[in-house]
Amino acid sequence: MDYFMIAILFLGLMVAVIYEIKKKHDIKLEQIKLERDKLALEQKKLEIGNKTD
């Protein structure tokens, strides 16, 4: 019975660690997408600025 409880706790810990790693990865991916969108918007502003000049 003791080993069963240890196994459940270990499994729960592993699930928590995997969840945290996935969450950090998703946040990093969203930051990269946001940076890409900001650069695209800045490029578009420059293109519009050059057309009006």
Side-chain angles (χ1 to χ4, degrees):
M1 190 73 173
D2 251 358
Y3 293 115
F4 182 70
M5 293 296 276
I6 292 171
I8 289 176
L9 288 173
F10 182 73
L11 186 62
L13 179 64
M14 292 303 293
V15 168
V17 167
I18 290 170
Y19 175 76
E20 286 297 318
I21 291 171
K22 183 184 180 317
K23 189 168 72 169
K24 285 182 181 181
H25 172 75
D26 290 345
I27 289 171
K28 185 69 174 173
L29 186 63
E30 289 300 319
Q31 286 175 335
I32 291 169
K33 287 179 183 178
L34 181 61
E35 189 65 30
R36 184 191 66 201
D37 290 345
K38 283 168 54 176
L39 289 172
L41 181 60
E42 186 176 324
Q43 182 68 28
K44 192 166 204 149
K45 284 180 182 179
L46 288 174
E47 287 174 3
I48 290 172
N50 287 340
K51 287 181 184 177
T52 58
D53 287 346

* Pair Glu20 + Lys23, salt bridge at N-O below 4.0 Å -> yes
* Asked: For the atom pair CZ (Phe4) and CG (Leu9), what is the distance rounded to the nearest 0.5 Å?
  -> 10.5 Å
* Please determine if Lys22 and Asp26 form a salt bridge, counting it only when a charged side-chain N lies under 4.0 Å from a carboxylate O. => yes
* If you measure from CG on Leu41 to CG on Asp37, what distance do you get to the nearest 0.5 Å? -> 8.5 Å
* To do: Please examine the side chains of Gln43 and Glu47, heavy atoms only from C-beta on, and report whether any two atoms are closer than 4.5 Å.
  => yes
* Structure fact -> The reported gap from NZ in Lys45 to CD1 in Ile48 (rounded to nearest 0.5 angstrom) is 9.0 Å
* Structure fact -> Interatomic distance, CG@Leu13 vs CD1@Ile6, rounded to 0.5 Å, equals 13.0 Å
* **Result of checking Lys24, Gln31, Glu30 against Ile27 for side-chain contact (heavy atoms from CB on, under 4.5 Å)** => Gln31
* Asked: Going from CD on Glu42 to CG on Leu39, what distance comes out if it is rounded to the nearest 0.5 angstrom?
  -> 6.5 Å
